[in-house]
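We name chains A, B, ... by the order of the sequence lines, and we start the count at 1 in each one. Only heavy atoms go into these numbers, but all of them, side chains included; no hydrogens, no water, no symmetry mates.
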Amino acid sequence: MAVNMESSLGPLRLRHPVINASGTFDVLAADRVLAADLFTDFPFAAYVPKTVTLKPREGNPPHRLYETAAGLLNSIGLANKGIEAFIADDLPRLGRLPVPLIASIAAEETNGYGRCAGLLDGRDEVAALELNISCPNVELDGKALGCDPFLTASATAQARAATGKFLIVKLTPNVTDILVLARAAVEAGADCLSVINTVHGMALDPWTLRPALGHVTGGLSGPAIKPVALRAVYLISRELDVPVIGMGGVTSANDVLEFLAAGATAVAVGTACFRDPLLAVSLVQELEHQMELRDIATPGELVGRAH
Amino acid sequence: MAVNMESSLGPLRLRHPVINASGTFDVLAADRVLAADLFTDFPFAAYVPKTVTLKPREGNPPHRLYETAAGLLNSIGLANKGIEAFIADDLPRLGRLPVPLIASIAAEETNGYGRCAGLLDGRDEVAALELNISCPNVELDGKALGCDPFLTASATAQARAATGKFLIVKLTPNVTDILVLARAAVEAGADCLSVINTVHGMALDPWTLRPALGHVTGGLSGPAIKPVALRAVYLISRELDVPVIGMGGVTSANDVLEFLAAGATAVAVGTACFRDPLLAVSLVQELEHQMELRDIATPGELVGRAH
Amino acid sequence: METVPAQADLYQCPVVESRTVGAYHLIAFVAGEIAAVARPGQFVMIRQSGPALDPLLPRPMGIHAVEADLVKVLVEPVGKGTVVLTDARVGDRYSVLGPLGNGFDLSGEGTAVIVGGGVGMAPLALLAGTLAGRGRDVRCQLGFKTRVQAVAAELFRDVDVDICTEDGTMGRKAMVSELLVECLTDLGPAAAEAELFVCGPGAMMRAAVETAREYGADAQVSVAAHMACGVGACQGCVVRAGGEYRCACNQGPVFRAGELEWR
Amino acid sequence: METVPAQADLYQCPVVESRTVGAYHLIAFVAGEIAAVARPGQFVMIRQSGPALDPLLPRPMGIHAVEADLVKVLVEPVGKGTVVLTDARVGDRYSVLGPLGNGFDLSGEGTAVIVGGGVGMAPLALLAGTLAGRGRDVRCQLGFKTRVQAVAAELFRDVDVDICTEDGTMGRKAMVSELLVECLTDLGPAAAEAELFVCGPGAMMRAAVETAREYGADAQVSVAAHMACGVGACQGCVVRAGGEYRCACNQGPVFRAGELEWR
Ligand SMILES: Cc1cc2nc3c(=O)[nH]c(=O)nc-3n(C[C@H](O)[C@H](O)[C@H](O)COP(=O)(O)OP(=O)(O)OC[C@H]3O[C@@H](n4cnc5c(N)ncnc54)[C@H](O)[C@@H]3O)c2cc1C
Ligand SMILES: Cc1cc2nc3c(=O)[nH]c(=O)nc-3n(C[C@H](O)[C@H](O)[C@H](O)COP(=O)(O)OP(=O)(O)OC[C@H]3O[C@@H](n4cnc5c(N)ncnc54)[C@H](O)[C@@H]3O)c2cc1C
Ligand SMILES: Cc1cc2nc3c(=O)[nH]c(=O)nc-3n(C[C@H](O)[C@H](O)[C@H](O)COP(=O)(O)O)c2cc1C
Ligand SMILES: Cc1cc2nc3c(=O)[nH]c(=O)nc-3n(C[C@H](O)[C@H](O)[C@H](O)COP(=O)(O)O)c2cc1C
Ligand code: FES
Ligand code: FES
């Protein structure tokens with residue numbers, strides 16, 4: 001059976017359903033290191049650069065990484081060059097990618113989302129915006145904005161007012177009821193939800209018995225959190241009508257099938273890119289092969305099959 | 001250096017700081033299968049049987065278990081014979097154990113906690129009570145009681161009124177701010193907190209792409225959740241004055257040291273008992289050895305060292 | 001059920017044989033204490049040693065053969081846990097806990113009709129040899145998808161085996177339930193005194209039990225369940241039997257067909 | 001920094017040698033594309049293949065030696081990831097990504113004073129051989145805790161090495177910083193033209209750099225950092241240098257001593 005891997009995510013046409021997760025694949029850095037010509041053979045169906053903020057941020061002190069069982073704790077702290085340098089230096093180069101570009105933005109105050117969205121609204125290189133309201137390292141009154149339905153709605157509404165582009169809101173799992181947050185974002189104008197960002201966690205160095213991360217706590221990603229992510233995607237996509245980008249612990253083609261069946265329209269690979277920066281190449285091949293074996297004609301056919 | 005492994009948990013004298021987690025070690029069943037004489041050589045410093053409820057519960061339909069990356073999803077659904085049969089059949093036998101007995105109780109309504117606590121209050125076999133308010137499978141209006149500070153306080157207060165025994169409340173990590181729940185329990189009369197119960201999750205069978213558990217969602221345990229548990233223990237023990245029993249993903253002596261350093265007074269082993277039902281024997285030996293190597297004279301010396 | 005040695009390091013058993021048998025993988029461990037007491041239909045929980053925590057838990061494997069102080073299992077690599085088991089190399093040490101479970105009831109006297117599907121044949125090999133050794137009349141039928149699995153039937157040493165495959169690449173082209181019907185018909189009136197011993201995929205076991213019922217024969221079936229502990233501690237491995245949930249690990253894995261409720 | 005092959009399966013490199021060298025473990029991979037371009041001070045990210053997801057990420061290992069199409073690393077088993085690497089058996093395939101990082105700047109001309117502590121000696125072996133091959137004057141000092149580590153100094157083939165241990169069980173009983181002072185004193189006025197190449201534990205590197213400064217010598221140090229990607233994607237491996245956070249993987253791991261801010 002011929003498999004047609006094309007997918008769509010709102011107005012975005014994707015060659016297949018697999019994209020990268022923000023902060024885990026840097027096409028500009030990888031292109032310097034890897035012999036692959038990433039600008040012609042880009043393995044993902046869309047590219048999401050690392051989150052940028054209004055002002056440059058130098059990020060958290062080291063250590064910023066600590067591996068846990070089947071997981072990775074990070075406290076990068078949204079290190080980035082700031083949206084102006086992003087627009088000036090990176091956007092022109094990213095515009096040459098053969099896939100849609102989804103810019104990820106964050107701010108320390110809700111109105112910063114409106115300003116960032118406004119700065120990108122006029123840029124043709126940008127196909128969609130993702131609001132990172134869930135990074136556990138940027139806190140408002142000691143709490144991530146994405147934990148509060150009010151602030152979530154407010155950030156979303158401000159971005160919505162500033163742009164007509166496809167608007168994705170990325171949710172945090174660190175809440176009592178993620179559906180409440182999902183509804184708040186959609187009611188405030190989100191076109192799509194990214195589910196999930198990292199899970200709050202912490203590690204101690206087993207030798208010193210002191211916190212392993214410079215920032216003490218951090219965000220857990222990787223296969224360890226896949227069950228948390230699948231549940232969130234399942235619950236949200238059963239209740240709400242917007243497309244969901246599923247992510248959290250994807251390392252294989254089977255994982256992609258599971259996220260689609262749980263209700264995701266597209267699936268993002270994050271931490272697994274660190275196992276192999278070109279994982280997406282073999283993963284997408286294997287995905288096509290599995291779909292053939294299982295008689296699945298299109299990714300869309302599978303979306304929500306587990307409901 | 002001579003290591004003194006003795007620990008105390010409120011009025012309970014423990015031979016060492018390692019106990020079992022409710023629902024993961026069944027001394028009556030294991031004693032039938034293992035050649036070890038568990039009633040004389042009991043490896044844990046206290047015994048926590050599986051949670052019992054007022055009425056018998058047959059539990060959830062199979063599959064009730066699914067292994068995930070470095071984790072285990074379960075939806076046992078609090079299968080148990082009910083508190084009356086527990087008192088009649090099990091208590092007399094459990095009373096013969098050479099360690100303190102911590103009975104774990106749950107109820108579907110808050111006042112059930114008072115009734116269960118009352119039924120056990122007069123029993124000399126029982127050294128302490130643990131309120132399981134956090135099992136994700138028993139839900140009130142679709143939500144675990146332990147997710148709500150009000151219901152948590154109410155269940156704790158009712159149990160407090162019914163017993164003078166050492167009262168432990170076991171918290172769920174599936175909340176936006178676990179400190180709020182911890183405070184609610186302590187203000188309502190908890191003497192001690194168990195941190196944490198399982199993390200909400202879900203898995204799909206990679207072949208059928210249907211939910212892997214009969215109950216669809218379940219609770220994630222094992223090393224995958226250790227970072228979540230360590231963070232909760234760290235945050236709570238820094239803020240509150242009651243002793244904390246730390247648990248979540250412990251598989252080794254180093255893990256025990258880490259939980260102590262994060263602020264736990266005692267540490268419970270759950271899922272790891274399934275890797276090896278007598279793990280505690282070697283783990284406690286290794287713990288003593290590590291303490292010797294590291295010049296730690298008593299477990300108490302280590303408690304909160306990471307703060 | 002015999003009791004399992006008490007010291008954790010007793011579970012550490014060296015691998016002395018590890019080889020492919022068609023689609024399956026045979027592993028032999030030195031495990032004298034298990035070998036000494038194991039009965040057909042019992043199982044072990046097996047796990048690679050080492051610091052890695054994925055796979056996390058041991059996997060249940062039927063005891064396929066016992067020779068002197070060796071215990072053998074036959075693994076079908078279907079997922080992460082079983083694929084990793086096939087990496088076993090001679091000299092590795094695995095954690096092997098057992099023997100666990102009740103095993104088959106061998107007290108019957110009628111013809112023993114053994115019905116296996118796929119890797120479900122693994123524990124039936126020990127059963128067939130034991131029953132034949134006791135002089136009981138044994139008939140064996142094994143069904144497989146295709147040849148690469150069916151070649152494992154060579155592991156049945158002490159008894160004759162009828163083999164079928166779904167695609168006819170080895171033995172008869174048939175489902176094992178067809179072979180069973182022929183066998184019971186062939187037994188004539190003795191069929192009603194016969195006793196089936198069944199292990200395999202759910203649908204195949206159901207069909208076999210149904211056929212047994214039609215011929216008035218008894219049946220014992222060894223069920224599969226997801227297990228975590230194997231010793232009755234987690235309540236995870238339940239099957240519906242006798243109107244309640246029973247643990248496959250310590251109230252099974254062998255049940256009388258009559259008490260099982262198929263889903 | 002050279003570019004890394006584009007196809008994922010090119011990273012799969014067979015193990016052809018795997019053996020204990022005292023407290024460390026030497027592994028040789030067939031990795032022709034890496035061997036062809038690797039420079040001293042560069043590193044590879046190494047990971048076992050297979051379905052298990054713990055350990056999850058590759059571990060950074062300095063390139064210890066290059067021979068024809070072989071790349072060798074020397075692993076000190078300190079935690080889960082490195083312990084698992086020492087399980088490597090001939091014929092296994094590992095994912096080996098590299099060469100990564102900037103490597104040492106070899107353009108200097110003064111005496112090369114190589115200072116290694118513990119397993120930090122691993123990448124210095126390739127450096128020493130390369131510099132000696134170019135005819136540069138090379139002095140090597142290696143410090144270890146005790147003999148079982150120090151025996152690995154035998155892996156320095158092309159140059160003479162001064163060894164010390166903290167407990168005097170092999171070589172001098174001294175800290176490597178004492179050897180360094182003697183070496184620089186011995187060089188006399190040439191010390192100010194000398195260049196240090198340092199790799200080892202933080203405290204030892206700091207002491208070496210301090211000594212270099214006192215003698216007016218330059219120093220390049222190869223720093224350790226927790227890494228996830230190795231290619232500049234995660235921003236996780238930062239060290240403080242030149243007043244900002246720089247990634248050890250693609251702006252290092254070798255830095256000029258002068259730009260590093262020690263914590
Ligand atoms: C008493 C008993 C005896 C068994 N004897 C044998 C034997 O001799 N040879 C053999 O090859 N297999 C045997 N099995 C089945 C074997 O245990 C499972 O195939 C194995 O656990 C699957 O693990 P996995 O990680 O490879 O698969 P996974 O990737 O976890 O899943 C693959 C498939 O196996 C199922 N599965 C997952 N976990 C389990 C589990 N714990 N138990 C059963 N099924 C599971 C899943 O639903 C899925 O369909 C036996 C099972 C039981 C209960
Ligand atoms: C550029 C570079 C080159 C290296 N070359 C070598 C080498 O040639 N030989 C060698 O034996 N080691 C080398 N290392 C160090 C090696 O990578 C770490 O020891 C290893 O990652 C620890 O992993 P683990 O799982 O065994 O330890 P863990 O159990 O994760 O931790 C043990 C100790 O190692 C530290 N650690 C954990 N993760 C890392 C990490 N990703 N990087 C560094 N330290 C970490 C922890 O803080 C802890 O103190 C190098 C590191 C870098 C950055
Ligand atoms: C090192 C690292 C950096 C990350 N940076 C960002 C970021 O800048 N913006 C964002 O929205 N998410 C960020 N994430 C979260 C991922 O995009 C993703 O949501 C999460 O890691 C779960 O997916 P995974 O398990 O596949 O990694 C980061 C994750 C990691 C591990
Ligand atoms: C199979 C299973 C059954 C459990 N049953 C109970 C229970 O009855 N009562 C309870 O309070 N916790 C129960 N738990 C939660 C554990 O006690 C523990 O809090 C949790 O598993 C985290 O610890 P671990 O990672 O060491 O398993 C159960 C966990 C598992 C895996
Ligand atoms: S596997 Fe735990 S009770 Fe059966
Ligand atoms: S290790 Fe990822 S940026 Fe250096």
Answer whether the closest heavy-atom distance between the side chains of [X] and [Y] falls below 4.5 Å.
X        : Y        : answer
D:Tyr11  : A:Pro277 : yes
D:Tyr245 : A:Pro61  : yes
A:Asp276 : D:Leu97  : no
D:Cys234 : A:Asn74  : no
D:Met45  : A:Arg275 : no
D:Arg240 : A:Glu58  : yes

Open item on the list: Which atoms of D:Ala225 are under 4.5 Å from chain A, going by heavy atoms: the side chain, the backbone, both sets, or neither?
Closed with: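 For D:Ala225, no heavy atom lies under 4.5 Å from chain A.
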Open item on the list: Please classify the contact between D:Pro51 and chain A as side chain, backbone, both or neither, with a heavy-atom cut-off of under 4.5 Å.
Closed with: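 No part of it gets close to chain A.
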Task: Cation-pi geometry met for D:Arg47 and A:Phe274 (6.0 Å, 45°) - done: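 That pair does not qualify as a cation-pi contact.
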Task: Contact winner vs chain D - A:Ala272, A:Ala70, A:Ala29, A:Cys273, heavy-atom pairs under 4.5 Å - done: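 The candidate making the most pairs under 4.5 Å is A:Ala70.
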Task: Under 4.5 Å from a heavy atom of chain D, the part of A:Thr24 involved - done: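 Contact with chain D: backbone only.
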Task: Side chain / backbone / both / neither for A:Thr271 at chain D, heavy atoms under 4.5 Å - done: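 Both the backbone and the side chain of A:Thr271 come within 4.5 Å of chain D.
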TODO: Taking all heavy atoms of D:Ala228 and all of A:Leu65, pick out the closest pair and write down the distance.
DONE: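 Looking at all heavy atoms of both residues, the closest pair is N-CD1, 3.4 Å.
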TODO: Report the relative orientation of the aromatic rings in A:Tyr66 and D:His226; use parallel for angles under 30°, tilted for 30 to 60°, perpendicular for over 60°.
DONE: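 Correct class here is tilted.
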